[in-house]
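Keep in mind that this is a model prediction, so the values were computed, not measured.
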Amino acid sequence: MAPKTAITPTRAEDYPEWYQQVIRNADMAENSPVRGCMVIKPWGYTLWENIQRVLDKKFKDTGHVNAYFPLFIPVSFLEKEAQHVEGFAKECAVVTHSRLQAGPDGKLVPASPLEEPLIVRPTSETIIGEMYAKWVQSYRDLPILVNQWANVVRWEMRTRLFLRTAEFLWQEGHTAHATQEEAWEETRKMLDVYADFAENWMAMPVIKGEKTEGERFPGAVSTLCIESMMQDKKALQAGTSHFLGQNFAKSSNIQFLDANGEQQFAWTTSWGVSTRLVGGLIMTHADDDGLVLPPRLAPTHVVILPVLHKEETRAQVMEYCQKLRAQLKDTIWDGRPIEAEIDARDVRGGEKLWGWVKKGVPLIVEVGPRDMASDAVFLGRRDVPGLGKKPVARAEFVANVGSILQEIQDNLLARAKAYRDENTKTFANKEDFYAFFTPKNANNPEIHGGFAVAYYDGSREVEEQLKNDLKVTVRCIPLEGSDRNGTCIFTGKPNAVKAIFAKSY
RNA sequence: CGGGGUGUAGCUUAGCCUGGUAGAGCGCUACGUUCGGGACGUAGAGGCCGUCGGUUCGAAUCCGACCACCCCGACCA
């Protein structure tokens, strides 16, 4: 007997294991022989490529250009910014030798120590700052608006596919400006780009906010972020945009002569999103039957499953499917042709169907002799439980495929938004707040909690206490709808700030 | 880096206590019957039982060391 759900365990049974199984069953990625590093397989990588394609366009549309900086950074560069060292030193991979030679037992051993060790970049502020210092002489050289697509390494103790891996793929924008105002505007603008992308392409609703001092990027003056709620009601930081003030300009000596002939330090920003977005997408939309892809980012929009077991109709069915695919590929939706694939593998129908369900393809159409006879297709939608398959005339399907995809896209966002709102509560006292984040069954905690909106005094002490007691952190001070007019629900102090609290990844 | 655990086929694992040279399910291959929501039958392929050493006539099994991985903490996009 087949299980009731394509994925076991279900979300409710064991959320972390469900997450792993969704990735595995969708064939997106797997663990590699290298501890903490993943192999991103084609289905996962194509999704990342789509994310890249859309974001890259947005970066270019906002005036940025791409460049590439080295993977290796001299250790001394990291030392330049005090906060930065403290934040990243503990998790750096270090390169100390330049070659290998055969040892006495035939094993390769490192040889030729480097004069100065190199770290593998955990982020590139320091080396990019070093270059910007050379590129900037005059206010006429500013702003510099550069992005790089790269891999970075942070030697994390515990890793999870896509959400936290020792090596991950990301983009990092690094900009330098003549004025504080302009740098701030850039920081805000890129946060908006991320939020727009998350909501309108990933269908993942986000809250824009500012990090507290404790959660801030090491070396930043201010860290802005987008926070999203996963289906286990935990928060995921999905992207960050940092206002770096003049900290890195001073440590890297990015100086310019202004219009008045005076030396000034530049104002810099950095902003990034990573392959973590893929993890966020999975945990926002996937269900107990596997991945659910938002159509705008799906590697394939439509998969066509020809029903081929009757030898005498085989050729006609295939021909019909190819015609259908050609028609779909001639259809433009969301600025690109519909991606349609025919799966004619010699595999049983049910197995094939479930394979695509688990991969999250938005539309699955079965085409057999019966449909062909009435010039129809048998259409299923991934956003409907059980696919809700029904016959649709071929011409009607081709004419409406774009609007159906748009409907799925909108539906996913609306559903995710509703889930987040249902699980966001405002708290006026500490007891209720604590109860919200305490599972009923401590031994086998059920999915509980959510986003808690509450006033707090902004102190490190309260943050520490919540982390120790509940593993709850301040996710952000929302940019919209926050104020400092409350009373701290933990200490009773006045002028408290409205913040969003949650357990997080 | 602390605390706990586990290493047997591609994956999940039985066997270990009480030593006698390895069994299953999934997956894979072939053939047949099937086929519009996860088929079934038959026949196969695939393992120096994590590594090294010790005890023994004999070690997956007992002992020791090492290595690797997993889980729970601390750290984190």
Side-chain angles (χ1 to χ4, degrees), chain A residues 1-8 14 16-17 20-21 24-25 30-36 86-92 121-123 150-160 162-172 194 211 214-218 220 223 225-228 235-242 270-280 289-290 305-311 313-314 317 346-358 364-373 376-380 385-391 445 467-468 471 473 504-505:
Chain A
M1 262 308 279
K4 288 190 190 68
T5 59
I7 303 294
T8 42
D14 183 349
E17 181 60 22
Q20 305 263 98
Q21 290 302 328
R24 184 179 176 160
N25 281 280
E30 61 190 49
N31 282 310
S32 75
V34 183
R35 183 196 160 78
E86 208 181 304
F88 286 107
K90 291 175 297 226
E91 54 188 42
C92 279
R121 61 181 166 218
T123 179
N151 58 338
V152 288
V153 168
R154 298 183 188 175
W155 212 265
E156 302 288 353
M157 289 293 125
R158 295 186 60 195
T159 58
R160 298 186 69 187
F162 290 113
L163 295 174
R164 178 167 301 109
T165 46
E167 180 193 15
F168 57 95
L169 307 183
W170 77 344
Q171 59 67 219
E172 44 181 330
Y194 289 153
K211 286 293 183 188
E215 301 269 328
R216 200 177 279 159
F217 176 76
T223 289
C225 61
I226 49 172
E227 294 282 333
S228 181
L236 183 78
Q237 177 177 308
T240 47
S241 184
H242 313 292
S270 68
W271 28 273
V273 295
S274 70
T275 36
R276 168 178 270 196
L277 287 179
V278 175
D289 287 330
L305 304 180
V307 178
L308 295 171
H309 54 272
K310 288 198 181 71
E311 202 52 54
T313 53
R314 219 186 148 87
V317 170
D346 182 20
V347 173
R348 287 184 56 78
E351 207 175 315
K352 215 190 264 191
L353 176 72
W354 281 101
W356 291 108
V357 168
K358 290 186 283 190
I364 300 176
V365 296
E366 288 168 47
V367 175
R370 289 209 293 271
D371 311 288
M372 212 169 59
V377 300
F378 202 51
L379 173 66
L387 297 179
K389 288 194 290 194
K390 57 185 179 196
K467 201 168 180 179
N468 291 336
K471 291 179 194 160
T473 51
S504 78
Y505 277 94

[N] and [M]: how far apart are their [atom1] atoms, nearest whole angstrom?
N	M	atom1	value
B:G38	B:C48	P	37 Å
B:U13	B:G36	P	32 Å
B:U61	B:U8	C1'	12 Å
B:U12	B:G73	C1'	28 Å
B:G5	B:G23	P	31 Å
B:G54	B:C16	P	26 Å
B:C63	B:C70	C1'	25 Å
B:U56	B:G20	C1'	12 Å

Could you tell me the separation between the [atom1] atom of [X] and the [atom2] atom of [N], rounded to a whole number of Å?
X	N	atom1	atom2	result
A:Arg216	B:A77	CZ	P	14 Å
A:Gln21	B:U12	CD	C1'	11 Å
A:Arg160	B:A77	CZ	P	16 Å
A:Leu163	B:A77	CG	P	13 Å
A:Asn25	B:C26	CG	P	17 Å
A:Gln20	B:U12	CD	C1'	15 Å
A:Lys90	B:A77	NZ	P	11 Å
A:Glu351	B:U34	CD	P	19 Å

Which is true for [X] with a 4.0 Å heavy-atom rule: it touches a base, it touches only sugar-phosphate, or it touches nothing?
X	result
A:Phe217	nothing
A:Gly368	base
A:Gln237	sugar-phosphate
A:Thr165	base
A:Thr240	nothing
A:Leu308	nothing
A:Lys389	base
A:Leu387	base

If you check every side-chain atom of [X], which of [options] has the closest atom?
X	options	answer
A:Arg24	B:C11, B:C75, B:A77	B:C11
A:His309	B:A39, B:C35, B:G36	B:C35
A:Glu156	B:C75, B:G38, B:G36	B:C75
A:Ser274	B:G38, B:A77, B:G36	B:A77

Problem - Aromatic centroids of A:Phe217 and A:Phe88 separated by under 6.0 Å - result: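 Centroid distance A:Phe88-A:Phe217: below 6.0 Å, so yes.
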
Problem - Counterpart residues, ring pair (Phe, Tyr, Trp, His ring centres under 6.0 Å), relative to A:Tyr194 (two or more places apart) - result: none

Who passes side chain to side chain donor-acceptor pair (under 3.5 Å) against [X], sequence neighbours left out?
X	answer
A:Ser32	none
A:Arg121	A:Tyr68, A:Asn151
A:Thr165	none
A:Lys211	A:Glu227, A:Gln237

Exercise for the section: Decide yes or no for A:Thr313 and A:Leu308: does some side-chain heavy atom of the first lie under 4.5 Å from some side-chain heavy atom of the second? Expected result: no

Problem - Side chain to side chain, A:Ile364 and A:Val357, heavy atoms closer than 4.5 Å - result: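 A side-chain contact under 4.5 Å exists here.
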
Practice task
Report the residue (A:Lys467 or A:Lys310) whose heavy-atom-nearest nucleotide on RNA chain B is the more 5′ of the two.
Solution key: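 Looking at the nearest nucleotide for each, A:Lys310 comes out on the 5' side.
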
Practice task
Select from A:Asn31 and A:Ala166 the residue whose nearest nucleotide in RNA chain B is closer to the 5' end of that strand.
Solution key: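 Per heavy-atom nearest nucleotide, the more 5' residue is A:Asn31.
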
Exercise for the section: Return the minimal non-hydrogen interatomic distance between A:Pro306 and A:Val317, and the atom names on each side. Expected result: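 Answer, listing the atom of A:Pro306 first, then A:Val317: CB-CG1, 3.8 Å.
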
Exercise for the section: Indicate whether OP1 or OP2 belonging to B:C35 is found under 4.0 Å from a side-chain N or O atom of A:Arg348. Expected result: no

Handout entry: A:Lys471 vs B:G73: side-chain N/O to OP1/OP2 distance below 4.0 Å
Key =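 The answer is yes; a side-chain N or O of A:Lys471 sits under 4.0 Å from OP1 or OP2.
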
Handout entry: RNA chain B base-pair string [pairs: Watson-Crick or G-U under 3.5 Å; |: paired with another strand]
Key = (((((((..((((......[..)))).((((((.....)))))).....(((((..]....))))))))))))....

Practice task
State plainly whether the residues A:Glu366 and A:Lys389 are in salt-bridge range, i.e. N to O under 4.0 Å.
Solution key: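 Yes, this pair counts.
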
Exercise for the section: For A:Phe378 and B:G36, say yes or no: do the ring centres fall under 5.5 Å of each other while the ring planes differ by less than 30°? Expected result: no

